[in-house]
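Have a look at the structure below, then the notes.
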Amino acid sequence: QLVESGGGLAQPGGSLTLSCVASGFTFNKHAIGWFRQAPGKEREGVALISSNGQSTRYAGSVKGRFTIARANVTNTVYLQMNSLNLEDTGIYYCAADFRPNGDDTTYPFYENLYDYWGQGTQVTVSS
């Protein structure tokens with residue numbers, strides 16, 4: 001099970017931090033990805049962190065603004081989002097992909113690889 005939290009309303013240029021708490025599977029053997037779906041658009045990958053936390057991947061649209069991190073002790077992954085803009089609005093999902101090779105971040109946003117998905121948290125960027 002994955003449960004996201006931390007969404008809400010932010011102004012352009014503002015920040016939000018999303019959290020994803022996992023249970024029911026071996027967290028430290030799963031890479032965790034964040035995806036988002038904007039209104040009227042397909043879901044897209046945003047960021048991925050490897051199972052050991054040493055490797056990350058980002059979509060070009062968020063690189064330099066978003067940071068993904070994980071704490072395996074608490075089965076939690078975070079997405080720090082800075083310099084938010086209107087295009088960041090959407091429902092944000094976290095997902096888990098079994099990757100026991102700790103550094104593996106290949107095919108970061110291929111959704112069919114992911115075993116578990118959260119229900120999502122809404123992020124709205126508006127002035």
Side-chain angles (χ1 to χ4, degrees):
Q1 182 182 8
L2 295 168
V3 179
E4 304 94 336
S5 62
L9 177 64
Q11 292 187 338
S15 298
L16 284 174
T17 300
L18 306 183
S19 299
C20 170
V21 179
S23 62
F25 60 89
T26 308
F27 183 72
N28 63 7
K29 293 192 183 299
H30 283 73
I32 304 295
W34 282 98
F35 294 77
R36 69 185 180 188
Q37 187 166 21
K41 294 187 178 181
E42 292 188 355
R43 190 161 56 189
E44 62 176 356
V46 174
L48 170 71
I49 189 164
S50 62
S51 57
N52 66 3
Q54 297 301 307
S55 297
T56 57
R57 299 281 293 272
Y58 295 93
S61 59
V62 306
K63 201 167 187 179
R65 301 188 298 120
F66 289 12
T67 302
I68 189 170
R70 67 189 293 158
N72 283 354
V73 173
T74 58
N75 285 10
T76 305
V77 171
Y78 304 95
L79 185 68
Q80 173 70 42
M81 306 186 295
N82 298 327
S83 302
L84 287 164
N85 58 52
L86 301 180
E87 289 71 36
D88 295 318
T89 293
I91 301 173
Y92 282 68
Y93 302 89
C94 62
D97 178 21
F98 180 66
R99 299 191 187 209
N101 180 352
D103 287 332
D104 185 8
T105 56
T106 55
Y107 303 105
F109 306 131
Y110 187 48
E111 294 189 22
N112 287 353
L113 294 176
Y114 288 81
D115 307 304
Y116 306 99
W117 289 83
Q119 293 300 306
T121 186
Q122 176 70 47
V123 171
T124 302
V125 183
S126 175
S127 55

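Counting from 1, the numbers follow the sequence of the chain as shown. Any value given below was found using the heavy atoms of this structure, including those in side chains, with hydrogens, waters and symmetry copies removed.
Residues V77 and C94 form no side-chain contact, since every pair of their non-hydrogen atoms from C-beta on lies 4.5 Å or further apart. The side-chain heavy atoms of H30 and D115, taken from C-beta on, include a pair separated by under 4.5 Å. A heavy-atom distance below 4.5 Å is found between the side chains of N72 and R70. A 4.5 Å side-chain heavy-atom check between Y58 and L48 finds every atom pair outside the cut-off. Residues T56 and T105 fail the side-chain proximity criterion, which asks for heavy atoms closer than 4.5 Å. Residues E44 and Q37 fail the side-chain proximity criterion, which asks for heavy atoms closer than 4.5 Å. Here the side chains of Y93 and W34 are not in contact, with every heavy-atom distance at 4.5 Å or above.
Listed by first and then second residue, the disulfide (SG to SG under 2.5 Å) pairs involving residues 95-127 amount to none (not counting sequence neighbours). Under the side chain to side chain donor-acceptor pair (under 3.5 Å) criterion, no residue pair touches residues 3-14, with sequence neighbours excluded. Applying the disulfide (SG to SG under 2.5 Å) rule to pairs touching residues 38-67 yields nothing, sequence neighbours excluded. Screening residues 42-76 for disulfide (SG to SG under 2.5 Å), with sequence neighbours left out, gives no hits.
For Y114, the ring-ring contact (aromatic ring centres under 6.0 Å, His included) criterion is met by F35, W117, not counting sequence neighbours. Applying the salt bridge (Lys or Arg N to Asp or Glu O under 4.0 Å) criterion to R57, with sequence neighbours excluded, gives no partner residue. Qualifying salt bridge (Lys or Arg N to Asp or Glu O under 4.0 Å) partners for D97, counting only residues two or more places apart in sequence or in other chains: R99. Remark: E87 pairs with no residue by the salt bridge (Lys or Arg N to Asp or Glu O under 4.0 Å) rule, at least two apart or across chains. Remark: Y107 engages no residue in a ring-ring contact (aromatic ring centres under 6.0 Å, His included) (not counting sequence neighbours). The side-chain contact (heavy atoms from CB on, under 4.5 Å) search around S83 returns R65, not counting sequence neighbours.
For the pair A59 and G45, the tightest heavy-atom approach, listed with the atom from each and the gap, is CB-O, 3.4 Å. When all heavy atoms of D88 and L84 are compared, the closest pair comes out as OD2-CA, 3.4 Å.
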Please tabulate, one pair per line, all N/O donor-acceptor pairs under 3.5 Å involving side-chain atoms of residues 120-127, not counting sequence neighbours.
{"residue": "T121", "atom": "OG1", "partner": "G7", "partner atom": "N", "Å": "3.2"}
{"residue": "Q122", "atom": "NE2", "partner": "G90", "partner atom": "O", "Å": "3.4"}
{"residue": "Q122", "atom": "NE2", "partner": "T124", "partner atom": "OG1", "Å": "3.4"}

Tell me which donor-acceptor pairs under 3.5 Å the side chains of residues 14-27 have, and how far apart each pair is, sequence neighbours excluded?
{"residue": "S15", "atom": "OG", "partner": "N82", "partner atom": "OD1", "Å": "2.9"}
{"residue": "T17", "atom": "OG1", "partner": "Q80", "partner atom": "OE1", "Å": "2.5"}

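Side-chain atoms of D103 and N52 include a donor-acceptor pair closer than 3.5 Å.
Enclosure of atom CD in Q119 is not indicated, since only 12 or fewer non-hydrogen atoms of other residues, nucleotides or ligands lie within 6.0 angstrom.
Note that CD of Q54 is 14.0 Å distant from CG of D104, once rounded to the nearest 0.5 Å.
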